[in-house]
**Student:** 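One structure coming up, written as structure tokens, with questions to follow.
No hydrogens, no waters, no symmetry mates; every other heavy atom, side chains included, goes into these values. What you see is a predicted model; the values in this text were computed from it and never measured.
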Amino acid sequence: MRAILTILFFLLILSSCSEDGQLEQKFQEGTFSGTFQRDLGDSRIANITLTFDGNRWSGTSDYAKYPALCRGTYSIDENKITFQNECAWTAEFDWTLILSGEYKLTKTGSTLEFSRDYRSATSGTYIDQYRLTKD
């Protein structure tokens with residue numbers, strides 16, 4: 001009986017170690033370049049770079065504070081990526097442009113896309129869209 005329980009225990013451990021999690025970890029590491037756009041009709045498109053290292057991220061944009069990138073931590077849970085931004089920001093711009101909070105995540109090959117939908121009956125009517133490719 002003890003041998004059967006031991007075997008079941010090891011099978012349970014092996015089944016909880018998925019290859020998808022390992023592939024996800026490899027995918028999210030590294031430097032990605034691409035674009036950011038706030039969908040408001042004829043919005044400008046910013047060229048951005050984001051680097052993911054462990055659970056840390058850092059980023060730059062060719063437009064100041066569009067989006068507001070700096071550095072922080074992130075976590076991935078299935079099709080969601082959540083960013084924590086660690087930088088201090090001044091008050092003269094729209095703080096919804098700060099990369100922070102939860103975004104819908106899509107990964108295809110070396111392409112990483114995440115977006116946040118601000119459309120609702122009581123708030124703005126736009127979507128922030130990040131489209132990146134691994135360098």
Side-chain angles (χ1 to χ4, degrees):
M1 181 67 173
R2 181 178 168 120
I4 291 173
L5 289 175
T6 303
I7 290 171
L8 287 175
F9 175 74
F10 284 113
L11 288 175
L12 179 64
I13 290 175
L14 288 175
S15 68
S16 67
C17 300
S18 73
E19 289 182 28
D20 291 340
Q22 293 169 358
L23 292 174
E24 181 178 276
Q25 184 64 24
K26 289 178 186 175
F27 181 91
Q28 59 189 308
E29 298 278 328
T31 301
F32 291 77
S33 298
T35 61
F36 165 81
Q37 182 175 20
R38 174 163 279 178
D39 182 14
L40 286 170
D42 61 346
S43 297
R44 62 185 163 175
I45 297 174
N47 295 305
I48 63 171
T49 301
L50 287 174
T51 301
F52 298 94
D53 184 16
N55 73 330
R56 310 254 338 134
W57 70 271
S58 61
T60 59
S61 173
D62 62 349
Y63 288 107
K65 298 175 185 166
Y66 183 84
L69 303 173
C70 189
R71 68 184 172 284
T73 60
Y74 72 97
S75 63
I76 293 178
D77 182 20
E78 294 182 19
N79 65 343
K80 294 183 286 187
I81 185 166
T82 304
F83 292 94
Q84 298 293 324
N85 196 303
E86 296 176 346
C87 296
W89 297 99
T90 55
E92 83 286 352
F93 73 102
D94 180 354
W95 278 28
T96 64
L97 288 166
I98 296 172
L99 181 59
S100 184
E102 186 177 289
Y103 295 78
K104 178 182 174 188
L105 175 65
T106 306
K107 299 180 291 185
T108 308
S110 62
T111 302
L112 178 67
E113 294 185 16
F114 51 95
S115 61
R116 180 187 282 174
D117 190 340
Y118 289 92
R119 295 176 296 180
S120 77
T122 59
S123 67
T125 58
Y126 54 88
I127 299 172
D128 286 349
Q129 186 73 34
Y130 293 79
R131 291 183 178 97
L132 305 165
T133 304
K134 189 161 185 171
D135 291 347

**Student:** Report, one line per pair, each donor and acceptor closer than 3.5 Å where one atom sits in a side chain of residues 98-105; sequence neighbours left out.
**Tutor:**
none

**Student:** Using the rule ring-ring contact (aromatic ring centres under 6.0 Å, His included), only one of Phe32, Phe83, Trp57, Phe52 pairs with Phe114; which is it?
**Tutor:**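 By the ring-ring contact (aromatic ring centres under 6.0 Å, His included) criterion, Phe114 pairs with just one of Phe32, Phe83, Trp57, Phe52: Phe83.
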**Student:** Residues two or more places apart in sequence or in another chain: which of them pass side-chain contact (heavy atoms from CB on, under 4.5 Å) with Asn79?
**Tutor:**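 Once residues adjacent in sequence are excluded, Asn79 has no partner under the side-chain contact (heavy atoms from CB on, under 4.5 Å) criterion.
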**Student:** Once side chain to side chain donor-acceptor pair (under 3.5 Å) is applied, do any residues pair with Thr31, and if so which ones, sequence neighbours excluded?
**Tutor:** Thr51
**Student:** Grab the two heavy atoms, one from Ala68 and one from Asn85, that are nearest each other, plus how far apart they are.
**Tutor:**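 Minimum heavy-atom separation between Ala68 and Asn85: O-ND2, 3.9 Å.
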**Student:** Give the minimum heavy-atom separation between Asp128 and Thr96, together with the two atoms involved.
**Tutor:**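 Nearest pair, atom of Asp128 first, then Thr96: OD2-O, 3.8 Å.
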**Student:** Please list all pairs passing the disulfide bond (SG atoms under 2.5 Å apart) test where one or both residues lie in residues 51-105, with sequence neighbours left out.
**Tutor:**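 Applying disulfide bond (SG atoms under 2.5 Å apart) to every pair that reaches into residues 51-105, excluding sequence neighbours, yields Cys70-Cys87.
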**Student:** Go through the steps to decide whether Thr82 and Asp77 satisfy the test side chain to side chain contact (heavy atoms under 4.5 Å, CB included), and finish with yes or no.
**Tutor:** CA-CA 8 Å; Thr82 304; Asp77 182 20; over 6 Å; no
**Student:** Is the ring pair Trp95/Phe93 parallel, tilted or perpendicular, if the boundaries are 30 and 60 degrees?
**Tutor:**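 Rings of Trp95 and Phe93: tilted, as their planes differ by 30° to 60°.
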**Student:** To the nearest 0.5 Å, tell me how far Lys65 NZ sits from Leu97 CG.
**Tutor:** 11.0 Å
**Student:** How would you list, by chain and number, every residue that makes a side chain to side chain donor-acceptor pair (under 3.5 Å) with Glu86, sequence neighbours excluded?
**Tutor:** Arg56
**Student:** So, using side-chain contact (heavy atoms from CB on, under 4.5 Å) as the criterion, who are the partners of Ile45 when residues are at least two apart?
**Tutor:**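 Testing Ile45 for side-chain contact (heavy atoms from CB on, under 4.5 Å), a comparison that skips the adjacent residues, returns Thr35, Gln37.
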**Student:** So, using side chain to side chain donor-acceptor pair (under 3.5 Å) as the criterion, who are the partners of Arg116 when residues are at least two apart?
**Tutor:** Tyr118
**Student:** Ignoring hydrogens, what is the shortest heavy-atom contact between Ile127 and Ser115? Give both atom names and the distance.
**Tutor:**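 Taking every non-hydrogen atom into account, CG2-CB, 4.2 Å.
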**Student:** Kindly say whether Leu112 contributes a backbone atom to a donor-acceptor pair with the side chain of Lys134 at under 3.5 angstrom?
**Tutor:** no
**Student:** Which atom names give the shortest non-hydrogen contact between Gly59 and Leu50, and what distance separates them?
**Tutor:** CA-CD2, 3.7 Å
**Student:** Please enumerate all residues that pass ring pair (Phe, Tyr, Trp, His ring centres under 6.0 Å) together with Tyr66, with sequence neighbours excluded.
**Tutor:** Phe36
**Student:** What residues, two or more places apart in sequence or in another chain, satisfy side chain to side chain donor-acceptor pair (under 3.5 Å) together with Ser33?
**Tutor:** Asp135
**Student:** Run Asp39 and Gln129 through side chain to side chain contact (heavy atoms under 4.5 Å, CB included) and show every step you take.
**Tutor:** CA-CA 7 Å; Asp39 182 14; Gln129 186 73 34; over 6 Å; no
**Student:** Can you tell me how far the CD1 atom of Ile76 sits from the CD1 atom of Ile81, to the nearest 0.5 Å?
**Tutor:** 4.5 Å
**Student:** In chain order, what residues pass the salt bridge (charged side-chain N to carboxylate O under 4.0 Å, His left out) check against Asp62, with sequence neighbours excluded?
**Tutor:** none
